[in-house]
Each structure stands twice: as structure tokens, then as C-alpha cells.
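Data first, discussion second: the structure below is written as C-alpha cells.
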Amino acid sequence: MISQFLDSALDLSVIGGYSRIGFALRSRSWPPPEETPLAGRVVAISGASSGIGRAAARICLQQGARVLLLVRDPQRGERVRAELTGIGPAELISCDLSSLESVRACAREIAERHAALDVLVNNAGVLADRRELSADGIELSFATNVLGPFLLTAALVPALRASTAGRIINVSSGGMYTQGIHADDLQFEHGSYSGAVAYARAKRAQVVLTELWARRLQGVAVHAMHPGWVDTPGIEHSLPRFQRALRPLLRTPAQGADTIVWLSSAPDLPSGRFWQDRRQRPTHLLPGTREHPGERERLWAECARLSGASL
Ligand SMILES: NC(=O)c1ccc[n+]([C@@H]2O[C@H](COP(=O)([O-])OP(=O)(O)OC[C@H]3O[C@@H](n4cnc5c(N)ncnc54)[C@H](OP(=O)(O)O)[C@@H]3O)[C@@H](O)[C@H]2O)c1
């Protein structure tokens with residue numbers, strides 16, 4: 001393992017830690033994986049039709065898992081399922097995270113098909129370019145990145161508890177370091193809307209909810225992680241200039257998925273923490289991003305109220 005000093009220096013430089021340079025330096029000392037550490041496990045991955053989710057699905061299959069591909073677009077999902085056929089068992093399940101009804105139906109289908117769920121990866125995400133509302137009338141970034149995954153998680157708790165080593169992995173972003181949760185304006189109704197700011201607040205909310213879920217769930221581990229900067233269709237669409245300028249330094253989707261897959265099988269990790277490149281990371285780097293306990297509880301209460309989740 002590289003020293004804590006070098007590892008932290010990479011992160012402080014941002015470009016070093018988030019790019020493929022950080023991945024190359026850190027991964028040099030990782031032990032080779034057991035051949036099939038996920039054999040016999042059922043792993044559900046949202047946003048499995050593209051980018052990091054698709055790469056995570058492939059690696060989980062290679063490591064022996066049965067993978068549930070949660071996708072909103074059946075045609076794109078079918079293409080990915082076909083491409084993964086031959087590696088291992090992959091099932092397609094429809095799930096639009098921005099629609100509460102679709103999320104409930106997805107959770108019902110998972111529970112009907114499987115007595116236990118070992119890993120839930122809340123990977124699907126969106127960076128909206130303007131303020132839009134979901135079919136339920138909720139600001140799209142909050143609906144997709146926070147509320148849908150919150151409801152999916154709540155609805156799947158019984159299936160995760162039925163596993164001997166249930167775990168939830170929330171895919172956040174390093175962008176969350178720049179924002180607090182803004183519990184009084186979760187849907188960005190005030191001030192001039194910025195998609196990047198809405199995204200960063202939502203990704204911060206995922207990390208806070210990870211900590212809150214971890215306190216409430218015994219026997220199911222909850223992790224948040226960030227993948228670094230990864231060359232995916234999502235980044236090409238949302239941040240085209242960034243993608244073009246930094247392309248040679250961006251990680252591959254498989255590199256971005258590495259810590260997701262590692263968290264899926266690593267034994268005895270503490271719950272409620274934030275990870276990147278197989279190491280725990282701080283949750284705050286800048287002044288002014290910390291929330292008060294009351295704001296945390298308000299975030300939880302609002303997610304519960306808006307989603308109607310039974311908790
Ligand atoms: N790429 C990076 O550098 C980076 C950095 C930090 C964090 N992340 C996070 O990593 C995760 C994956 O991102 P990516 O870069 O792989 O992006 P991507 O290529 O755009 O993949 C995003 C996935 O989310 C799905 N999705 C979007 N809205 C959805 C909805 N309403 N319901 C269900 N699925 C939905 C997309 O489905 P469709 O195929 O139907 O569009 C797609 O499968 C996201 O949470 C993102 O915030 C990425």
C-alpha cells in the first residue's frame with residue numbers, strides 16, 4: 001500500500017487523486033483478487049446501462065455474482081444484458097429512479113424474484129442542465145440522486161437483511177466536497193439554479209444519508225464512495241469541455257467501478273464511511289459544508305415524507 005502521506009498528497013492535488021494517475025499509483029500495491037469473491041451473491045446495480053454501472057456489472061459477473069441490472073430504458077438495458085451474456089447470469093429489471101412508482105415496482109420485482117439481496121449499488125445519477133421536475137413534481141436532481149435511491153434502499157431493507165452479509169453502496173462524487181446539504185431548500189427552489197451545484201448538494205446528501213442509514217441498520221453495512229474522474233457517456237454529456245480537456249487523464253469505467261466492486265465483497269469494513277480507491281476518505285475538506293444534527297434529521301424526515309417509504 002502507498003504511504004498515507006503520498007495518498008493524501010495525491011488527494012490534495014485533486015488532479016493526482018481523481019485522475020488515472022492516482023488509480024495507477026494506488027492500485028500497484030493492491031493484492032490480486034480472489035478468483036470469484038462474489039460467487040453465490042446477488043448484486044443489484046442501478047444505472048447499469050452505461051458508464052461506471054455497466055463496468056461494475058461486468059466485473060461483478062466476472063467475480064461470480066448474479067447481477068440485477070436496474071435500468072430505465074429497456075432497449076439500452078437489453079443491449080447491455082446481451083453484451084454480458086456468457087460472462088454470468090444477468091437479469092434486467094426496469095427502474096426509473098426519478099419515479100417513485102417505478103422504484104416501488106422495481107423493489108417489488110426484486111423481492112419477488114429473490115429471497116435475499118446481498119448488495120445494492122445505488123449508482124444511477126444525473127447532472128441536470130436546468131431546473132426540471134420529475135413526474136412526481138420533485139426537482140429532478142434531488143428526485144433521481146437522492147429520493148429514488150432512498151426509497152429503493154428502504155424498500156429493499158428486508159431483502160438485504162435476509163442476506164448473511166447485506167450491504168448498500170452509494171455512488172457519490174468528489175464534487176460533494178464543495179457543498180453542504182441545504183436542508184431548508186433541498187429542491188433548489190431559491191436562488192439561481194445551477195445543475196452542478198444541485199448535483200453537488202445531492203451527492204453530499206447521499207453521504208449524509210449513508211451515515212444516517214448506517215446508524216439505523218444493524219446487520220447491513222452502508223458505504224458511500226466516489227469513483228474519481230471517469231470517462232463515461234455521462235461526463236461527456238454533462239461536462240463536455242472538462243471531458244475533452246482532461247480525457248487522457250480520466251479513468252476508465254472499470255477503474256471508476258473498482259472501489260464499488262471491492263466494497264461489495266471486502267470483509268469487516270466499518271459501516272457509514274466514505275471511500276475512494278479502497279481507502280476511507282474524509283467527508284469534509286472545506287469550511288462551511290458541515291451540517292447541524294437538526295439539518296441531518298430534516299433531510300431524513302423530508303426523504304421519508306416525500307417518498308412515503310415505510311421505515
Ligand atoms: N464519471 C465521473 O467522472 C463521475 C464522477 C463522480 C461521480 N460519478 C457518479 O457515478 C455514477 C455513474 O455515472 P457515470 O459517469 O457512469 O454516468 P452515465 O454514463 O451517464 O451513467 C449514468 C447511469 O444512470 C442512469 N440514470 C440516469 N437517470 C436515471 C433515472 N432517472 N433512472 C434510472 N437510471 C438513471 C443512466 O441511464 P441511461 O443509460 O438510461 O441514461 C445511466 O445508466 C453517477 O452517480 C455519477 O454521479 C461519476
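Whatever order the structure lists ligands and atoms in, that order sets their numbers, starting from 1. For the numbers below, each heavy atom of this structure counts, side chains included, while hydrogens, waters and symmetry mates do not. Residue numbers run from 1 in the order of the sequence given. Treat the numbers as computed from the prediction; the structure is a model and nothing was measured.
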Problem - Carboxylate-amine/guanidinium contact Arg26 Asp11, below 4.0 Å - result: yes
Exercise for the section: Give a yes or no on whether a salt bridge exists between Arg104 and Glu101, defined as a side-chain N under 4.0 angstrom from a carboxylate O. Expected result: no
Fill in the blank from the handout: Near Gly47 (heavy-atom distance under 4.0 Å), the atoms of ligand 1 are 23 (C), 24 (O), 25 (C), 43 (O)
Exercise for the section: State which residues pass ring-ring contact (aromatic ring centres under 6.0 Å, His included) with Trp300; sequence neighbours excluded, sorted by chain then number. Expected result: Phe150, Trp213
Practice task
Say whether Arg54 and ligand 1 are in contact under the criterion: heavy-atom distance to a ligand atom below 4.0 Å.
Solution key: no
Completion exercise
Ranked by distance from atom 41 (O) of ligand 1, the top protein heavy atom is Arg72 NH2, 2.8 Å
Exercise for the section: Please answer: with hydrophobic residues joined when any side-chain heavy atoms are less than 4.5 Å apart, are Leu212 and Phe274 in the same cluster? Expected result: no
Practice task
In plain terms, say whether Arg305 and Glu302 are close enough for a salt bridge, that is, a side-chain N and a carboxylate O under 4.0 Å apart.
Solution key: yes
Handout entry: Candidate with minimal heavy-atom separation from atom 48 (C) of ligand 1, of Thr144, Ile52, Ile45, Val230
Key = Ile52
Practice task
Decide whether the shortest distance between a heavy atom of His226 and an atom of ligand 1 is less than 4.0 Å.
Solution key: no
Exercise for the section: Say whether Asp277 and Ser27, considering side chains only, have a donor N or O and an acceptor N or O under 3.5 Å apart. Expected result: no
Exercise for the section: Give the numbers and elements of all ligand 1 atoms closer than 4.0 Å to a heavy atom of Gly234. Expected result: 17 (O), 18 (P), 19 (O), 20 (O)
Fill in the blank from the handout: ligand 1 to Tyr199, heavy atom cutoff 4.0 Å, flagged ligand atoms 6 (C), 7 (C), 8 (N), 9 (C), 46 (C), 47 (O)
Practice task
Report yes or no: does Asn123 contribute a side-chain atom to a donor-acceptor pair with the main-chain N or O of Ser46 at less than 3.5 Å?
Solution key: yes
Practice task
May I ask which of Asn123, Asn170, Ile260, Thr232 has a heavy atom nearer to atom 11 (C) of ligand 1 than the others do?
Solution key: Asn123
Practice task
Go through ligand 1 atom by atom and flag the ones less than 4.0 Å from a non-hydrogen atom of Ala124.
Solution key: 24 (O), 25 (C), 26 (N), 34 (N), 35 (C), 45 (O)
Handout entry: Proximal ligand 1 atoms for Ser173, defined as those under 4.0 Å from one of its heavy atoms
Key = 6 (C), 7 (C)
Practice task
Measure from the side-chain N and O atoms of Asp185 to the backbone N and O of His190, and report whether any donor-acceptor pair falls under 3.5 Å.
Solution key: yes
Exercise for the section: May I ask whether Pro233 has any heavy atom positioned less than 4.0 angstrom from an atom of ligand 1? Expected result: yes
Practice task
Step through it carefully: locate the ring centre of Trp262, locate the ring centre of Trp30, and say whether they are under 6.0 Å apart.
Solution key: no
Practice task
Mark up the atoms of ligand 1 that fall under 4.0 Å of a heavy atom belonging to Trp229, in ascending order.
Solution key: 3 (O)
Practice task
Identify, for atom 31 (N) of ligand 1, the protein heavy atom at the shortest distance, and state residue, atom and that distance.
Solution key: Asp96 OD1, 2.9 Å
Handout entry: Protein contact to atom 39 (O) of ligand 1 [nearest heavy atom, distance to 0.1 Å]
Key = Ser49 OG, 2.7 Å
Handout entry: Distance from atom 22 (C) of ligand 1 to nearest protein heavy atom, with residue and atom
Key = Gly125 O, 4.0 Å
Practice task
Check for a donor-acceptor pair, side chain of Ser172 on one end and backbone N or O of Gln206 on the other, with a separation under 3.5 Å.
Solution key: no
Completion exercise
Near Val171 (heavy-atom distance under 4.0 Å), the atoms of ligand 1 are 9 (C), 10 (O), 11 (C), 45 (O)
Exercise for the section: On the 0 to 90° scale, with breaks at 30° and 60°, tag the Tyr177-His226 ring pair as parallel, tilted or perpendicular. Expected result: perpendicular
Problem - From Ser50, Ala135, Gly53 - option closest to atom 21 (O) of ligand 1 by heavy atom - result: Ser50
Problem - ring-ring contact (aromatic ring centres under 6.0 Å, His included) partner of Tyr193, chosen from Phe142, Tyr199, Phe188 - result: Phe188
Handout entry: Per-atom contacts of ligand 1 with Cys95, taking only distances under 4.0 Å to non-hydrogen atoms
Key = 32 (N), 33 (C)
Exercise for the section: With atom 7 (C) of ligand 1 as the reference point, say which of Gly228, Ala55, Ser172 has the nearest heavy atom. Expected result: Ser172
Handout entry: atom 32 (N) of ligand 1: nearest protein contact (heavy atom, Å)
Key = Leu97 N, 2.8 Å
Practice task
Could you tell me whether His237 approaches ligand 1 through its side chain, its backbone, both or neither, with non-hydrogen atoms closer than 4.0 Å?
Solution key: neither
